[in-house]
Each structure stands twice: as structure tokens, then as C-alpha cells.
Amino acid sequence: MLRRPSITSRTVVFVTIVCLGLVAIDGWNSWQSRLLHLRQMGVATSNLVQAMAQQADDQIQMADTVLVGLVERIESDGTGPAEVARLRDFLALRVAQLPQLDGLHIYDEAGNWVANSRQIWPQNLNNADREYFQFHRANASRGPHVGVPVMSRTNGRSLIPISRRINHADGSFAGVALATMRVDFFGKFYDSLDIGQAGALGLIREDGTMITRRPYNPSVVGRDMRDSDLFQAYRSQGPVGTAYIRSAQDGVLRLNSFRRLSHYPLFVAASLSKEEILADWWRETLWHSGGVVLLVLVVGAVGWRLVKQFELQIQTEAELRRARDALETLNQTLNALAMEDGLTGLANRRKFDVTLDTEFSRAIREASTLALIMIDVDCFKQYNDIYGHAAGDECLQAIGRTIAAIAAKRPGDLAARYGGEELAVLLPDTDVQSAVLLAERIRNAVRDLKIAHAGVANGFVTLSAGVEALRPSTSSGQSKELIEAADKALYQAKIEGRDRVCAAAHPPAS
């Protein structure tokens, strides 16, 4: 039979479902709002480029219309002195009527100026080297040509050349009719459009040559854009398209819309920063998401309070049990730490003293022997001087593990760190011969570790040990005598050359 969930569990599940539901609904609404916002801005940029394309098409077409009339007039009337004089007045009038024009010019088949709209007649100027002139001389097409931007040789302005071919009566090349449009005319129009702080607008030839751009920089006029992501998107999507593109010029991710002009080989592009597009959405999302989060916090707090009330008694009992268990564990840990050497893991001096007194008293009661091995690491100061104290600590740890593995076999045996590099092994109910054998095993085991020691002749760390065993009596001070006797035996091992075990000498029985 299935166990019915507790009221606490059901309350937690209910509150969790409510909170997650609120967050999920708000997240879904926010995401849908974001998609809608991006779609709307996509439509807005499409409308913007449509207006830009129409404006550019209209302005160029007005200039081109003037050129059509000029070509017809020149081919009909010729370019005699009287005709040229009338042409100059006509050209000046048309430039005054069309603010986008910088000038109107007529060139003969050699590229020399025949007539222009300026008040001052240019002297010794020939434009046969211009791209538009070379285009018409090489192509018999009578249609308009939008040339690459040029710098005016008379006033230094950036200009867009719009030109048509003039023919002789036999159809041969007779010259070029040219209208120059001011680049800054389009710049002023683009400056009037609201595209945010990081938006961009551009007018580009179909061969990838930049005509003008907002934000404007003189260096962008005439720049080759064929390698740009914008131009590649235009070439791949056709005359109208939209794409998200990260600008190679400033690294800003923008929503780009582009459109080709209806009558001329140009296209316009409008780019809005995605970050700015979503700025209002982010503000709205943060506001209502903040409200939802606050509501979730209130619901969660109420539910949490309710669950706390349900669990108060159970938690109190559990905490009491945990506190009791933790206190017992802590006491055991503290007791162990108080009796254990932190470096070697052996018993510490305090544990040794307590155990020595206890075993000494037991030996008196049971009339048994008590043996002590005092051990010292040979030339340990030199080891520290050569290898450093960190290596010395590791050496003591390795020796401590070895002694513990050999000496602490019986419940009453105790291996302890007596002090510094001096160690002790307390052996209840053990005579001198057994203690010496154990000491030799310890000495050999440490020697077999082959811990390198460049400060001694044999090249390895070794031990010296002194051994004593007593049958204690009720006389006071014998525990101290046991330590002193073992220590003297250790001293004797040092005198005899180290790396050996010596037993305490006993006076002959009388």
C-alpha cells in the first residue's frame, strides 16, 4: 500500500507549482513580447529603407531628367558659341532649382569642358580621366550612369556623378552630359531620420562602392564594400532583404534592411542596433519580471512559513538528536586529538605520560615487566638543514607510520612521539630481549625505507634506539628511572656510531 504524502510534502509541492507557474507564464509572455518587438522593428527598418530608396530614386531621377533634356538639346542644336551661351544660363537656372545638384556640365569627345552651370568659367580643365567619361566613351548605351563618388576639382566637395552619353549624328561619341549631386545632400536627409545612437544608414553602388553613410566620415566615401557582410547579404538575398549583421567597423550587432533603387544601380541600407531595439523591451521586462519575482517571494514566504509550522516539532526533535550525536562525536574527536601527535599520527607526549603511569601501576599489581624503547633519528638536524623542514616533516611521518605498523600490535602497546625527532615505544609484559628484537625490526624497517640523507656516510636515514625493561615495585620514581635508563642506552647507541640498538646495562647481582 502506497504511503500517503505528508501535509508538509503536499504544501511544498503546491507552493512550488504556483511559483514555477508564475515564473513560466511571465517568461513565456516576455519572450513573445521580445519576438513581437523584433518583428515590428524589422517592419520599421523595411519601411525606412523603402523611404530612403524612394528619396534617392526621386532625387537622381530629377537630375537625370535634366540630363535627358540637355542631351537632346545639344544633339539637336549643337555647341556653337551662341548655343553654349544659352546653355550656361539654362544650366545655372536648373542648378538653382534643384538643391541636390552641385553643378551641370557638358564635355566634348576629348573630355574638355564645353559648358557648365558655374559663374566662373574653368580654365584648362579636362575630365577625360574620370570614370564616368571613360565609361561613356567605351559604351554605346544611352542610359544614365551613376559613377563612383569623386572629389570636385573646383570646390573640393564630395560629389556623385550622374551622366549620359552625347552622340554625333552618325552615332559616334560626342561627349558627356554630367550632373553632380552633393553627397552631403543625402547626409542631411539621413541626419533627419531617427535611428538611435548606434544606428547606421548607407547609400551604396551595386558594385560595392560606398556613396555615403551615417554616421558620416569622409574616409567612407568611395570605400570598397564587397568584402563586407552587408554586401554579401545583399548579393545573396536579392534586391530586398533583412539580416542581422555584426558591423566590421564598430563591432555592433545590427538589424540591417536593404533595398535596390527602382531605376538606378544603387541600393540603400538601414541598420538599427539590436541592443537599442530591445532597450525598451528590457525595461518593460525588468519592471514586470520584478513584480512577478516579488509576488513569487511573497507566495514562497507564506508557504515557507506554513511548512515551517508543520515541521517545527519534527525539526526540533531532529536537531536535538543531531546536537547530541554531534557533541558525542566532537568529544571523541577532541579526546583523540588531545592524545595524538598532529604530525606523525602517533600518540603524543601527554598520552605517553598517562599510559606510562597506568602501565607502571598495572605492572606493580601484576608483578610483570614493563619495557621501553627510546628511538632517535640519526643526524636529523643535518637532514633539516639539507632538505628543509617540510622534507623533515615528511621524513618523520614516514618513520611514524613504519613504527606504528610494527610496534602497535598488542592492545597495551603504545608508540608515541616523545619530542622533536625522538620517539618511544612502551611495551607492557615484555622483557629486554623481546624489546631489543622489536627495536631491531623497527631500525631495519626504517633503513629499508631508503630515505636519502646526504649528511651521513651510508646515504640513508637511520635510527638509534635504547632499550630498558623493569619489573616495577612500589618504590617511587621508578617510572622516571625507566625513561632515564632507556635514554642512557640510546645515548650509548649514538656514541657507538648510530644506526644500532643498545640495551641498558644492569649491575651484576650480588
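It should be emphasised that the depicted structure is a prediction, and the values quoted were computed from it without experimental measurement.
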Are Lys351 and Glu340 within salt-bridge range, i.e. N to O under 4.0 Å?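 The answer is no: the pair does not qualify as a salt bridge.
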Check Asp129 with Arg153, please: is the shortest side-chain N to carboxylate O separation under 4.0 Å?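 Looking at Arg153 and Asp129, the cut-off is met.
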Does atom [atom1] ([X]) have a neighbourhood of more than 12 heavy atoms from anything else shown, all under 6.0 Å?
{"X": "Arg235", "atom1": "CZ", "result": "no"}
{"X": "Asp227", "atom1": "CG", "result": "no"}
{"X": "Gln40", "atom1": "CD", "result": "yes"}
{"X": "Gln32", "atom1": "CD", "result": "yes"}
{"X": "Phe185", "atom1": "CZ", "result": "yes"}

Which atom pairs, one a donor and one an acceptor, fall under 3.5 Å between side chains of residues 432-445 and the rest of the protein, sequence neighbours left out?
{"unit_1": "Ser434", "atom_1": "OG", "unit_2": "Asp431", "atom_2": "OD1", "d": "2.8"}
{"unit_1": "Glu440", "atom_1": "OE1", "unit_2": "Arg443", "atom_2": "NE", "d": "3.0"}
{"unit_1": "Glu440", "atom_1": "OE1", "unit_2": "Arg443", "atom_2": "NH2", "d": "2.9"}
{"unit_1": "Arg443", "atom_1": "NH1", "unit_2": "Asp499", "atom_2": "O", "d": "3.2"}
{"unit_1": "Arg443", "atom_1": "NH1", "unit_2": "Asp499", "atom_2": "OD1", "d": "2.9"}
{"unit_1": "Asn444", "atom_1": "ND2", "unit_2": "Glu440", "atom_2": "O", "d": "3.1"}

May I ask you to check if Arg349 and Tyr418 form a cation-pi contact, with NZ or CZ under 6.0 angstrom from the six-membered ring centre and within 45° of the axis?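 The answer is yes, since Arg349 meets both limits relative to Tyr418.
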Side chain Asp26, main chain Leu22, donor-acceptor under 3.5 Å: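 Absent.
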Donor-acceptor pair, Gln232 side chain versus Arg226 backbone, under 3.5 Å?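 Yes, the answer is positive, given that a donor and an acceptor are paired below the 3.5 Å cut-off.
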Heavy-atom side-chain proximity of Trp282 to Ser289 below 4.5 angstrom: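 The answer is no; the side chains never approach within 4.5 Å.
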His453 side, atom NE2; Tyr387 side, atom OH - distance, nearest 0.5 Å: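 Reported to 0.5 Å precision, the distance equals 7.0 Å.
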What pairs meet the side-chain hydrogen bond (donor to acceptor under 3.5 Å, both in side chains) rule with one or both residues in residues 364-377, with sequence neighbours excluded?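 Residue pairs with at least one partner in residues 364-377: Asp376-Lys494.
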For residues 184-193, which residue pairs pass the side-chain hydrogen bond (donor to acceptor under 3.5 Å, both in side chains) check, not counting sequence neighbours?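 Listed once each, the pairs are Arg182-Asp184.
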Between Val461 and Asp378, does a side-chain contact (heavy atoms from CB on, under 4.5 Å) hold up when you go through it step by step? CA-CA 7 Å; Val461 171; Asp378 295 331; over 6 Å; no
Where does the angle between the aromatic ring planes of Phe231 and Phe267 fall among parallel (under 30°), tilted (30 to 60°) and perpendicular (over 60°)?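 The rings of Phe231 and Phe267 sit tilted, inter-plane angle from 30° to 60°.
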Any chance the side chains of Thr430 and Arg410 put a donor and an acceptor closer than 3.5 Å?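 Present: a donor and an acceptor within the cut-off.
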Which pair of heavy atoms, one from Ala200 and one from Arg213, lies closest together, and at what distance?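 Minimum heavy-atom contact is CB-NH2, 3.6 Å.
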